[in-house]
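Have a look at this one before I ask anything.
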Amino acid sequence: MVRTRFAPSPTGYLHIGGARTALYSWLYARKMKGIFILRIEDTDLERSTPESVQAILDGMAWLNLDYDEGPFYQTKRFDRYREVVAEMLAKGAAYRCYCSKERLEALREAQIANKEKPRYDGHCRHLTQASDGPFVVRFKNPEQGVVEFDDLIRGKLTFANTELDDLIIARSDGTPTYNFTVVVDDIDMEISHVVRGDDHINNTPRQINIFRALEKTPPHYAHLPMILGSDGKRLSKRHGAASVMQYREEGILPQALLNYLVRLGWSHGDQEIFSMEELIQLFDLHGVNRAPAALNPEKLLWLNQHYMKHGDVAFTMKELAWHMAQLNINTNDGPPLADIIAAQSERTKTLREMAERSRFFYEEIVLSDEMRAQISVEIIPAIQKVCEKLEKLSEWEKTKIHEILVAAAEEAGLKLGKLAQPIRIAVTGGTISPPLDLTIQLIGRERVIKRLQKIFKQG
RNA sequence: GCUCCCUUCGUCUAGUGGUUAGGACAUCGCCCUCUCACGGCGGUAACGCGGAUUCGAAUUCCGCAGGGAGCGCCA
């Protein structure tokens with residue numbers, strides 16, 4: 001039985017890199033008909049916040065990455081960790097270390113000065129008697145031999161135990177630390193495959209040693225390369241949209257983000273577009289690339305437009321409604337959102353842009369002087385003509401509207417474009433809109449007539 | 001400094017000893033066109049470097065260079 005987990009620490013928002021890790025982990029579990037678990041690694045009491053927990057939960061929900069078990073919180077498992085620490089102490093797999101932070105600091109400095117790798121020197125490893133005073137608990141790492149594991153993505157990885165030191169598993173206040181809680185949790189939750197960022201590669205041999213000390217078999221590991229910003233540098237605040245929910249605010253559809261993310265490091269021949277069903281079937285950890293990948297925002301936009309055009313309309317409507325609300329556009333009085341999507345999706349890249357450019361369907365327009373100036377006096381009689389015909393049009397429908405426009409242009413001896421653009425400005429307040437006949441249809445007769453009349457009545 | 005990881009067009013990638021090195025985004029040109037777009041057609045553009053193995057290397061091996069990660073009482 002395959003059991004995977006996504007184990008973020010709640011010290012910030014759900015990051016795009018974390019989202020991909022979650023996606024890969026989720027896909028693998030779904031593909032193998034296994035279990036996907038969400039675990040919140042909040043043992044760092046200083047930096048973990050409830051807001052971050054909520055942000056992660058929200059992000060997962062928006063991406064529709066559902067979990068079968070959890071969310072589990074490590075802070076609720078402290079008793080269990082204490083129990084295992086005691087067990088390890090009892091069997092001699094761990095020991096109390098009374099070294100002061102000052103001593104450790106001095107040790108580190110000396111090692112760095114000596115061009116050595118800073119690590120604990122095992123000072124308290126062989127103490128025979130317990131002392132008074134504060135202590136931490138350290139894991140007794142093997143001093144010889146190597147740790148080997150077969151990474152699903154990187155292949156065989158080997159580490160010498162001499163490179164590892166005796167890491168702290170319980171702080172002086174008794175709280176457990178990361179490398180230890182991960183192991184205990186992965187054991188208790190019976191995790192079969194650990195999918196995580198490759199910044200954890202160096203932690204893996206330490207964790208495997210703890211597994212062995214507890215006489216458990218380590219899970220399989222798959223270490224994903226990191227995601228870089230579009231400038232090829234490490235992702236940071238300066239790259240803007242690093243949080244998943246920020247992509248939502250920018251008008252990206254979750255399907256587009258997921259599709260984009262999955263192709264960042266994984267591929268199936270030349271295929272670019274994948275449904276979730278296809279991904280569950282086709283995805284494989286073995287096919288994941290080993291090199292870090294840089295973000296390509298334009299490609300995300302391209303995918304986003306694809307999903308706006310061809311994705312699930314009902315879902316897109318919900319997201320669009322959210323954006324409309326964000327922009328304070330009341331969509332009750334105007335065309336159905338489905339019509340907006342049909343009309344705008346091939347000319348906008350994001351839902352936010354779609355919402356922004358659809359305001360004139362729902363609200364009164366303001367014609368700036370600059371726009372007004374683009375409607376020449378010579379054209380006004382033709383506009384009036386169009387207006388009169390529209391008023392009398394029996395069937396308010398774009399092909400009929402189109403006929404009126406074409407006829408009016410012909411009558412006035414104008415190319416359609418010469419008439420259409422001024423009318424577009426008159427009815428939308430701008431130079432950009434869907435095809436004019438459709439635009440007029442969707443704005444509705446009453447509003448169109450009113451807007452056109454405003455042009456020729458004011459002269 | 002030490003350990004580990006990585007390296008095909010600008011970007012994401014296909015490629016597993018013999019290909020005109022393919023696709024996608026972006027970009028450029030043309031076509032379509034009532035605006036903006038969509039779409040169609042075409043173009044520019046890559047195997048980091050040096051050895052070795054081989055009849056033959058993007059593909060195997062070894063160096064080098066460059067990039068990244070880790071080396072916490074953070075996760």
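Letters A, B, ... are given to chains in the order of the sequence lines, protein chains preceding strands, and every chain is numbered from 1.
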Subject >> Residues A/Arg196 and A/Thr204: side-chain donor-acceptor under 3.5 angstrom >> reply: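 There is such a pair between these side chains.
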
Original post:
Which residue, A/Asn203 or A/Leu157, contacts RNA chain B at a nucleotide closer to its 5' end, judged by nearest heavy atom?
Top reply: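 Nearest nucleotide further toward 5': that of A/Leu157.
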
**OP:** Using Watson-Crick or G-U wobble geometry with both distances below 3.5 Å, tell me the partner of B/A58, or none.
**Re:**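 Paired with B/A58, as far as the under-3.5 Å criterion goes, is no nucleotide at all.
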
Original post:
Does a salt bridge link A/Arg359 with A/Glu363, judged by any charged N lying under 4.0 Å from a carboxylate O?
Top reply: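 Result for this pair is yes, salt bridge flagged.
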
Subject >> Closest nucleotide among B/C73, B/A69, B/U35 to the A/Val136 side chain >> reply: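 Within the option list, the nearest is B/C73.
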
**OP:** Please determine, for B/A24, whether a Watson-Crick or G-U wobble partner exists with both distances under 3.5 Å, and give it or none.
**Re:**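 B/U11 is the nucleotide pairing with B/A24.
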
Subject >> Criterion ring-ring contact (aromatic ring centres under 6.0 Å, His included) against A/Phe274, the qualifying member of A/Trp266, A/Tyr260, A/Phe283 >> reply: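 That would be A/Trp266; it is the only one of A/Trp266, A/Tyr260, A/Phe283 passing the ring-ring contact (aromatic ring centres under 6.0 Å, His included) with A/Phe274.
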
Original post:
Looking across every strand, which nucleic acid part, if any, lies under 4.0 Å from A/Thr43 by heavy atom: base, sugar-phosphate, or nothing?
Top reply: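 Here A/Thr43 touches the backbone only, sparing every base.
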
Subject >> Short side-chain N/O contact to B/C6 OP1/OP2 from A/Arg290, under 4.0 Å >> reply: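 Yes, within the criterion.
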
Original post:
How does protein reach along nucleotides 8-16 of chain B, written 5' to 3' as B (base within reach of a heavy atom under 4.0 Å), S (only sugar-phosphate), or - (no contact)?
Top reply: --BBBSS--

Original post:
How would you label the contact of A/Glu163 with the nucleic acid (heavy atoms, under 4.0 Å): base, sugar-phosphate, or nothing?
Top reply: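 Sugar-phosphate contact only - A/Glu163 comes under 4.0 Å of backbone atoms but never of a base.
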
Original post:
Distance under 6.0 Å and angle within 45° of the ring axis: does A/Arg77 meet both against A/Phe72?
Top reply: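 Relative to the ring axis of A/Phe72, which defines the angle, A/Arg77 lies outside at least one limit.
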
Subject >> Torsion-based syn/anti label for B/C71, 90° from 0 as limit >> reply: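 Glycosidic conformation of B/C71: anti.
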
**OP:** Send over the distance from A/Asn202 CG to B/G72 P, rounded to a whole Å.
**Re:**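 In whole Å, B/G72 P lies 11 Å from A/Asn202 CG.
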
Original post:
With both distances under 3.5 Å as the test, what is the Watson-Crick or G-U wobble partner of B/U3?
Top reply: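 In the structure as shown, B/U3 has B/A69 as its Watson-Crick or wobble partner.
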
**OP:** Hunt down the Watson-Crick or G-U wobble partner of B/U35, both distances under 3.5 Å, from any strand shown, or write none.
**Re:**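 Pair assignment: B/U35 / none.
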
**OP:** Identify whether the distance between the nearest side-chain nitrogen and carboxylate oxygen of A/Lys400 and A/Asp437 falls below 4.0 Å.
**Re:**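 Judged by the 4.0 Å cut-off on N to carboxylate O distance, A/Lys400 and A/Asp437 do not form a salt bridge.
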
Original post:
Do A/Ser433 side-chain and B/C36 base share a donor-acceptor contact under 3.5 Å?
Top reply: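 Counting by modelled atom types and ignoring angles, no donor-acceptor contact under 3.5 Å is found here.
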
Original post:
Would you say A/Arg108 reaches B/G72's phosphate, i.e. side-chain N/O to OP1/OP2 under 4.0 Å?
Top reply: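 Looking at the OP1 and OP2 atoms of B/G72, one of them is under 4.0 Å from a side-chain N or O of A/Arg108.
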
Original post:
How close or far is atom C1' of B/C36 from atom CZ of A/Phe360, stated in whole angstroms?
Top reply: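 In whole Å, B/C36 C1' lies 11 Å from A/Phe360 CZ.
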
Original post:
Within the structure, does a side-chain N or O atom of A/Lys117 lie under 4.0 Å from either OP1 or OP2 of B/G70?
Top reply: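 False: A/Lys117 side-chain N/O out of range (4.0 Å or more) of B/G70 OP1/OP2.
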
**OP:** Measure the acute angle between the ring planes of A/Tyr221 and A/His223, then classify it against the limits of 30° and 60° as parallel, tilted or perpendicular.
**Re:**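 Parallel, since the angle between the ring planes stays under 30°.
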
Listed pairs, N/O of protein and of nucleotides 28-34 of chain B, under 3.5 Å:
{"from": "B/C34", "atom 1": "O2", "to": "A/Arg424", "atom 2": "NH1", "distance (Å)": "3.2"}
{"from": "B/C34", "atom 1": "O2", "to": "A/Arg424", "atom 2": "NH2", "distance (Å)": "2.9"}
{"from": "B/C34", "atom 1": "N3", "to": "A/Leu436", "atom 2": "N", "distance (Å)": "3.2"}

Subject >> From A/Lys140, A/Arg125, A/Lys117, A/Arg206, residue fulfilling salt bridge (charged side-chain N to carboxylate O under 4.0 Å, His left out) relative to A/Asp165 >> reply: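 Exactly one pass, corresponding to A/Arg206.
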
Subject >> Side chain of A/Trp302 (C-beta onward), nearest among B/C36, B/U3, B/A24 >> reply: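 Minimum distance to the A/Trp302 side chain belongs to B/A24.
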
**OP:** May I ask you to say what A/Lys101 touches in the nucleic acid, namely base, sugar-phosphate or nothing, with a heavy-atom cut-off under 4.0 Å?
**Re:**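 Contact class for A/Lys101: base.
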
**OP:** Hunt down the Watson-Crick or G-U wobble partner of B/A75, both distances under 3.5 Å, from any strand shown, or write none.
**Re:**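 Result: none.
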
Original post:
Salt bridge between A/Asp369 and A/Arg372, side-chain N to carboxylate O under 4.0 Å?
Top reply: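 Judged by the 4.0 Å cut-off on N to carboxylate O distance, A/Asp369 and A/Arg372 do not form a salt bridge.
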
Original post:
From B/A69, B/A26, B/C73, pick the nucleotide closest to the side chain of A/Lys349?
Top reply: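 That would be B/A26.
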
Original post:
Which part of the nucleic acid, if any, lies within reach of A/His200 when heavy atoms closer than 4.0 Å are counted: base, sugar-phosphate only, or nothing?
Top reply: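 Contact class for A/His200: base.
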
**OP:** When you get a sec, tell me which of B/U3, B/A75, B/C36 is the closest nucleotide to the side chain of A/Arg357?
**Re:**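 Nearest nucleotide to the side chain: B/C36.
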
Original post:
What is the nucleic acid contact for A/Asn114, judged by heavy atoms within less than 4.0 Å: base, sugar-phosphate only, or nothing?
Top reply: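 Nothing, no nucleic acid heavy atom in range.
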
**OP:** Answer yes or no: are there more than 12 heavy-atom neighbours, outside A/Lys398 itself, under 6.0 Å from its atom NZ?
**Re:**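 No, NZ of A/Lys398 has 12 or fewer neighbouring heavy atoms, counting only those of other groups under 6.0 Å.
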
Subject >> Pairing nucleotide - B/G63, Watson-Crick or G-U, each distance under 3.5 Å >> reply: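 Checking every strand shown, B/G63 finds its partner in B/C49, with both distances under 3.5 Å.
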
**OP:** Identify, with sequence neighbours excluded, every residue that meets side-chain contact (heavy atoms from CB on, under 4.5 Å) alongside A/Gln374.
**Re:**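 Expected list: A/Met371, A/Ile425, A/Thr431.
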
**OP:** Sort out the partner of B/G29 for me: Watson-Crick or G-U wobble, both distances under 3.5 Å, none otherwise.
**Re:**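 B/C41 - that is the nucleotide pairing with B/G29, both distances being under 3.5 Å.
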
**OP:** Provide, to the nearest angstrom, the distance between the CG atom belonging to A/Asp199 and the C1' atom belonging to B/C6.
**Re:**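 So the two atoms are 14 Å apart, to the nearest Å.
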
Subject >> A/Arg96 to A/Phe135, cation-pi by 6.0 Å centre distance and 45° axis angle >> reply: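 Yes, a cation-pi geometry holds between A/Arg96 and A/Phe135.
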
